[in-house]
Amino acid sequence: MNLDVEKLVGVALFIKKNSVSSSNYALIFIPIFTISLWLIKADYLGLGESVVNKIKICEIQSIMDHGTMSISPDNGFMVIFEPTKGDYSIPVKSSNSKIWTSLSYDSLNTNKSRLLFEAQNLRIKTPFYGIDESVVLIVRGDSHRTVFIPGETHTFSEFKILNKKTYWLPIGCFVVCLFSFGVTFGFF
């Protein structure tokens with residue numbers, strides 16, 4: 001997280017020099033500007049162009065039978081695709097794997113060319129035709145836990161679904177510090 005401190009100080013000095021009630025701006029504008037810049041740079045708002053924001057992957061490791069309530073190990077993964085442009089290739093170890101999808105029968109038929117299951121490779125090109133919402137794929141079968149994107153190679157662990165609640169405590173402390181900075185800046 002590298003904040004653009006020179007821009008922040010420049011904006012603060014401009015407001016201080018050119019405004020009649022600069023302390024009001026310093027109390028409100030500077031902290032809001034800094035928090036916004038930090039959240040965007042830290043990518044907590046999901047506004048970055050990172051491929052990590054476009055797909056999420058969750059590994060499936062076990063299965064439970066409804067009738068007998070027996071639990072057994074099973075391999076697979078679930079992928080959630082955002083409706084943004086992307087080209088992904090996920091190697092799958094088994095060629096007899098199955099895919100469940102959130103697409104309707106007609107939508108899946110329309111998008112057969114964008115969702116290819118060839119030999120031991122799953123190729124996905126997004127966005128899907130006629131779909132403007134997230135799409136979920138569940139693949140039953142073992143994978144190499146790798147995602148290939150043109151010019152890049154990623155592991156499943158980079159696309160984990162994270163709990164966002166853990167970020168709000170440090171963000172809250174940061175907000176309090178920034179408003180304290182604004183109050184201090186307003187007095188000089």
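Note that these values count all heavy atoms, side chains included, but never hydrogens, waters or copies made by symmetry.
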query = According to the ring-ring contact (aromatic ring centres under 6.0 Å, His included) rule, which pairs have a member within residues 57-82, sequence neighbours left out?
reply = Phe77-Phe156, Phe81-Tyr88
request  = With rounding to the nearest 0.5 Å, note down the distance linking OG in Ser143 to CD1 in Ile57.
outcome  = 8.0 Å
request  = In sequence, state the C-alpha distance, the side-chain angles, and the governing distance for Val139 and Leu122, and then conclude on side-chain contact (heavy atoms from CB on, under 4.5 Å).
outcome  = CA-CA 9 Å; Val139 180; Leu122 177 63; 3.8 Å; yes
query = Counting N and O atoms only, with roles assigned by atom type, does the side chain of Asp65 sit under 3.5 Å from a partner on the main chain of Thr68, one being a donor and the other an acceptor?
reply = yes
ask   = Do Val92 and Asp142 have side-chain heavy atoms sitting under 4.5 Å apart?
value = no
ask   = Per the salt bridge (charged side-chain N to carboxylate O under 4.0 Å, His left out) rule, which among Arg140, Lys160, Arg145 passes with Glu59?
value = Arg145
query = Any side-chain heavy-atom pair from Phe148 and Thr146 closer than 4.5 angstrom?
reply = yes
ask   = Hey, what do you get for CZ (Phe128) to OG1 (Thr110), rounding to the nearest 0.5 Å?
value = 12.0 Å
task = List for me each residue that meets side chain to side chain donor-acceptor pair (under 3.5 Å) alongside Ser157, sequence neighbours excluded, and say none if there are none.
result = Thr155
query = Who passes side chain to side chain donor-acceptor pair (under 3.5 Å) against Ser134, sequence neighbours left out?
reply = Glu82
query = Hey, what else clusters with Ile71 if you join Ile, Leu, Val, Met, Phe, Trp, Tyr whenever side-chain heavy atoms sit under 4.5 Å?
reply = Met64, Met69
query = side chain to side chain donor-acceptor pair (under 3.5 Å) with Ser104: which residues, sequence neighbours excluded?
reply = Ser107
ask   = For the side chain of Thr126 and the backbone of Gly86, is there at least one donor-acceptor N/O pair under 3.5 Å apart?
value = yes
inquiry  = Under the rule for salt bridge (Lys or Arg N to Asp or Glu O under 4.0 Å), what residues qualify as partners of Asp87, not counting sequence neighbours?
reply    = Arg123
